[in-house]
Each structure stands twice: as C-alpha cells, then as structure tokens.
Amino acid sequence: KMFIDGKSCTLPQEIICEGSVSYKELLSSAARVPAWYCSHWWGEPIQSFVTCCKRHAHLRGLTHVAGTYWVCGYANRQHELMHEIGCALQDSSFYKALQVADGILLILDPEAKPFSRIWCDYELY
C-alpha cells in the first residue's frame, strides 16, 4: 500500500497515456534523419552527455542542421515503449535509427560503463 496525504491508496493496475509524444516531438514535429546515433549508459550526468555531443559536433565541424543526434530517451515515446521496441530487434526504433545514422557516437564515462551494458554492446555491434 501507499499513502497520499495520509490516505491509503492502492497502486494503479494500468497507466494509460493517450496522445503520448516523445520529447523530440514536443520540440518539433518535423521528421529528421539522425546523422549520429548516441550510445551511452544513462548513468552519466546530463550535462556531461550534452558536453560530449557539443564537443563531437565542434570537432567534426557540424552545423545545427547537419549535427543531428538520435538519443533513445528523447526519441522514444516513454509511455509507449512496446510500440517503440517491438518484439523483434529489427522492428525497434533503435535498429531503425542505427540503419539510417551515418555513425555512432559512443559516450564514455571514466569507468567505460557502456561496455558493461548489453544494449550498448548491441548498438556498437
């Protein structure tokens, strides 16, 4: 049981989020093909993640138009992950993004955590 304002409540059996959108869709409804697929482990501070992307864009001389990055947490509809992931890897948004991206940007932390994550290993394979 959980309590809200001192009142006993039960956990919801189902959460429905109609009209769910991804963070990217909130920013723009225009479709974009990612130039770079970001692989990382989600444990790094967001500021470090953004700094890595900015540094990568700077080193490659990418403009705001050419420097497009696919980031799963922002591209996927978080309340509808079964639609984003699917049953087969080839049906997943991850696979589809990897197929169209020009390259993969692996964001490493000092402990190289992405190499211990099976999903990151899949992305790099």
What's the shortest heavy-atom distance between [X] and [Y], and which atoms?
{"X": "R77", "Y": "V21", "value": "CG-C, 3.8 Å"}
{"X": "C53", "Y": "Y69", "value": "O-OH, 3.3 Å"}
{"X": "S93", "Y": "N76", "value": "OG-OD1, 2.6 Å"}
{"X": "I104", "Y": "S39", "value": "CG2-CB, 4.1 Å"}
{"X": "F49", "Y": "V71", "value": "CZ-CG2, 3.6 Å"}
{"X": "A35", "Y": "T68", "value": "N-OG1, 2.8 Å"}

From [X] atom [atom1] to [Y] atom [atom2], the distance as rounded to the nearest 0.5 Å:
{"X": "L105", "Y": "C52", "atom1": "CG", "atom2": "SG", "answer": "7.0 Å"}
{"X": "Y37", "Y": "D102", "atom1": "OH", "atom2": "CG", "answer": "15.0 Å"}
{"X": "L98", "Y": "K96", "atom1": "CG", "atom2": "NZ", "answer": "12.5 Å"}

#### Entry: Test: E44 and K113 ion pair at under 4.0 Å
no
### Query
Short question: side chain of E25, backbone of S22 - any donor-acceptor pair under 3.5 Å?
yes
### Query
Are L106 and L62 connected in a single hydrophobic cluster, I mean Ile/Leu/Val/Met/Phe/Trp/Tyr linked by side-chain heavy atoms less than 4.5 Å apart?
no
### Query
Can you get from W41 to V50 by hopping between Ile, Leu, Val, Met, Phe, Trp and Tyr side chains that sit under 4.5 Å apart?
no
### Task
Using ring-ring contact (aromatic ring centres under 6.0 Å, His included) as the criterion, list what pairs up with Y23, not counting sequence neighbours.
Y74
### Any residue meeting ring-ring contact (aromatic ring centres under 6.0 Å, His included) with F94, in chain and number order, not counting sequence neighbours
W70, W119
### Query
Heavy-atom distance under 4.5 Å between the side chains of V100 and P34, does that happen here?
yes
### Query
Taking only residues two or more places apart in sequence, or in another chain, which ones meet R60 in a side-chain hydrogen bond (donor to acceptor under 3.5 Å, both in side chains)?
H56
